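Predicted, not measured: the structure shown is a model, and the values here were computed from it.
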Amino acid sequence: MSSSKTGRKKDATIMTHAGMDPQKHHGALNVPPYRMSTVAFSSLEEFMNNPSGTTAYGRTSTPSMKALEDAITALENAHGSVIAPSGLSAIVTAITAFTGAGDHVLITDNCYGPSRRAAENIFKRFGLDVEYYSPMMGAEIETLFRTNTKVLFMESPGSLTFEVQDIGAMTAATKKVGIKTILDNSWATPLYLKPLDLGIDVAMMSGTKYVSGHSDALIGTLAANAASYDAVRNQAIYSGICAGSEEIYLTLRGLRTMGVRMAHHSKAALDIAHWLAGHPAVKRVLHPALPSCPGHENWKKYFKGASGTFSLVLHEGERSKIAKMLDGMELFRMGFSWGGFESLIVYEEPASARTASPWTETGGLIRLHIGLEDIDDLKADIEAGFTRLS
Ligand SMILES: *Cc1c(COP(=O)(O)O)cnc(C)c1O
């Protein structure tokens with residue numbers, strides 16, 4: 001797909017066609033969900049000599065997996081990809097692929113909560129020295145490097161507080177000393193950021209979010225460069241990481257429309273973020289495309305767009321009052337995750353989760369995911385919420 005007769009295709013074309021091969025599937029355009037554990041061989045010769053990477057057992061490779069891997073590889077400009085049963089399992093797979101007991105790992109202080117819990121509860125138990133760093137360190141990250149530092153894990157922007165990291169400067173620093181870089185790119189997707197083009201070794205996504213896009217599947221993706229692919233693939237194979245056929249099917253189906261969905265999420269979220277920035281109930285809008293977001297200059301430098309998820313800091317800090325706002329929302333559903341068709345709202349208290357970069361805002365932190373509803377209807381829902389707040 002990426003190396004076709006007419007050269008590398010643009011993202012919209014890749015999303016529409018990648019992984020598709022009707023002739024191999026009785027003419028079906030969508031690769032059917034291959035439900036298979038056992039693979040039957042036709043001869044002892046084939047049984048003894050099945051090349052690795054081909055379909056030999058359902059856990060390691062199926063035509064469903066291969067189709068999604070090919071699509072992600074093309075979109076991420078990667079050497080190869082691995083599909084995991086969730087975004088979180090993709091993160092654990094990637095970090096453990098490059099580390100062992102006694103190694104030092106740097107993890108951004110504003111990371112997705114469960115990433116931090118994996119570090120605290122698994123990585124430390126297996127002897128990794130986990131250190132959290134302030135997301136705005138930029139090239140200064142170098143000062144934390146030790147001789148046993150193996151991985152620099154970034155998430156940009158951070159899940160709740162949206163600091164955008166200086167990916168280029170940090171990656172450049174790691175190259176001098178051979179530290180692997182992994183970036184959680186669930187927010188931007190490769191449409192708005194191609195981490196491998198910036199020198200990142202492994203780009204991870206929770207495909208649960210924008211790629212599958214319909215709040216009905218859990219999946220994770222890892223796209224790796226040539227020097228990192230084997231380690232990630234082997235780690236997945238050794239630990240039995242494999243995604244279900246139905247989830248892969250739904251994710252490929254979601255990928256076909258991700259471009260048009262993202263364009264709407266992006267435009268609608270930016271419109272609402274600008275409106276919120278001028279609203280008297282709002283102290284600060286944490287949307288990477290707005291100057292009020294820490295790291296906005298990094299967003300301008302590295303990203304091609306912004307997705308539909310951002311936060312705001314209210315003037316109001318009292319939880320009982322914020323409950324009145326959130327409990328009465330009509331369209332915004334209260335629930336974790338984002339990237340689906342529907343708008344979501346959550347209230348967060350990030351201060352307790354941080355150790356390297358204190359969160360000092362006293363107003364309530366609200367995260368919004370802007371779905372595909374009408375923008376004016378969403379604004380009216382938020383406005384009514386602000387009225388309940390005051
Ligand atoms: C949701 C999310 C994950 C985890 O993905 P799952 O598919 O839910 O396991 C990781 N990172 C970020 C930024 C996320 O939003």
Side-chain angles (χ1 to χ4, degrees), residues 72-73 75-82 87 90-91 93-99 103-112 115 119 128-159 162-206 221-232 235 288 293-307 356-357:
I72 297 297
T73 298
L75 210 51
E76 298 265 21
N77 269 337
H79 175 78
S81 297
V82 170
I91 291 168
T93 301
I95 293 177
T96 53
F98 302 110
T99 53
D103 290 338
H104 176 237
V105 181
L106 288 162
I107 296 180
T108 186
D109 202 29
N110 61 350
C111 69
Y112 177 65
S115 302
L128 295 196
D129 187 350
V130 174
E131 181 174 356
Y132 301 99
Y133 66 88
S134 169
M136 299 313 296
M137 281 187 88
E140 290 291 302
I141 191 72
E142 213 165 35
T143 60
L144 301 181
F145 292 170
R146 304 182 198 161
T147 50
N148 61 339
T149 308
K150 291 286 164 61
V151 163
L152 171 62
F153 180 81
M154 308 178 210
E155 179 182 321
S156 188
S159 289
F162 289 88
E163 298 90 342
V164 188
Q165 299 187 242
D166 191 341
I167 302 163
M170 294 169 78
T171 304
T174 63
K175 296 284 176 207
K176 291 185 235 163
V177 285
I179 295 169
K180 290 284 183 188
T181 45
I182 303 167
L183 188 134
D184 184 334
N185 196 32
S186 304
W187 180 84
T189 83
L191 288 190
Y192 296 149
L193 182 80
K194 293 206 194 294
L196 273 64
D197 289 357
L198 297 174
I200 295 282
D201 294 301
V202 181
M204 169 270 159
M205 260 196 298
S206 167
T221 68
L222 292 166
N225 60 19
S228 312
Y229 173 72
D230 285 350
V232 175
Q235 183 71 8
C293 188
H296 166 65
E297 61 287 354
N298 293 327
W299 176 80
K300 279 200 291 192
K301 198 160 155 192
Y302 301 117
F303 290 67
K304 280 202 292 194
S307 67
S357 51

Spell out, as yes or no, whether a donor-acceptor pair under 3.5 Å connects the side chain of S206 to the backbone of G87. no
Apply side-chain contact (heavy atoms from CB on, under 4.5 Å) to the pair F98 and V105, showing each step before the final yes or no. CA-CA 10 Å; F98 302 110; V105 181; over 6 Å; no
Heavy-atom check, side chain of L106 versus side chain of I179, under 4.5 Å: no
Applying side-chain contact (heavy atoms from CB on, under 4.5 Å), run through S81 and T73 and close with a yes or a no. CA-CA 6 Å; S81 297; T73 298; 2.8 Å; yes
Check A227 against K180 and note the closest heavy-atom contact, atom names and distance. O-NZ, 3.4 Å
Could you tell me the separation between the OG1 atom of T171 and the CD1 atom of I141, rounded to the nearest 0.5 Å? 10.5 Å
T181 side chain near M170 side chain, heavy-atom distance below 4.5 Å: no
Derivation of the side-chain contact (heavy atoms from CB on, under 4.5 Å) call for N298 and Q165: CA-CA 6 Å; N298 293 327; Q165 299 187 242; 5.5 Å; no
Salt bridge check: are D201 and K175 linked by an N-O gap of less than 4.0 Å? yes
Shortest non-hydrogen contact between V151 and I95, atoms and distance: CG2-O, 4.4 Å
With side chain to side chain contact (heavy atoms under 4.5 Å, CB included) as the test, pick out the partner of S156 among I200, V164, D184, T108. V164
Output the distance between atom CD (Q235) and atom OG1 (T99), rounded to the nearest 0.5 Å. 7.5 Å
Quick check against the 3.5 Å criterion: does K304 have a side-chain atom that pairs as donor or acceptor with the backbone of P190? no
Looking at CD1 of I182 and CE of M204, how far apart are the two atoms once the value is rounded to the nearest 0.5 Å? 10.5 Å
Hey, does S357 have a side-chain heavy atom less than 4.5 Å from the side chain of M136? no
Please give me the minimum heavy-atom distance between P195 and E76, naming the atom from each residue. CD-OE1, 3.7 Å
Report the C-alpha distance between T149 and V177 in whole Å, list the side-chain angles of each, state the deciding distance to 0.1 Å, and finish with yes or no for side-chain contact (heavy atoms from CB on, under 4.5 Å). CA-CA 9 Å; T149 308; V177 285; over 6 Å; no
Looking at side-chain heavy atoms only, is the closest gap between P135 and M154 below 4.5 Å? no
If every non-hydrogen atom of D166 is compared with every non-hydrogen atom of G138, which pair is closest and at what distance? CB-CA, 4.0 Å
Side chain W299, main chain E163, donor-acceptor under 3.5 Å: no
State, with a plain yes or no, whether a side-chain heavy atom of F303 is found less than 4.5 Å away from one of I167. yes
Taking C-beta and beyond as the side chain, do T93 and V82 meet within less than 4.5 Å on heavy atoms? no
Gap separating the CE atom of M137 from the OG atom of S134, nearest 0.5 angstrom: 7.0 Å
So how far is it from S228 OG to L222 CG, rounded to the nearest 0.5 Å? 11.0 Å
How close do P157 and P288 get, heavy atom to heavy atom, and via which atoms? CG-CG, 3.8 Å
Nearest heavy atoms of E140 and T143, plus distance in Å: O-OG1, 2.7 Å
Within a strict 4.5 Å, meaning less than it, do heavy atoms of the L183 and L193 side chains meet? yes
Distance (rounded to the nearest 0.5 Å) between I91 CD1 and M205 CE: 12.0 Å
How about E297: does its CD atom have over 12 heavy atoms from other parts shown lying under 6.0 Å from it? yes
Residue from Y192, Y112, F162 passing side chain to side chain contact (heavy atoms under 4.5 Å, CB included) with W187: F162
Would you indicate whether the side-chain heavy atoms of K150 and L128 approach each other to under 4.5 Å? no
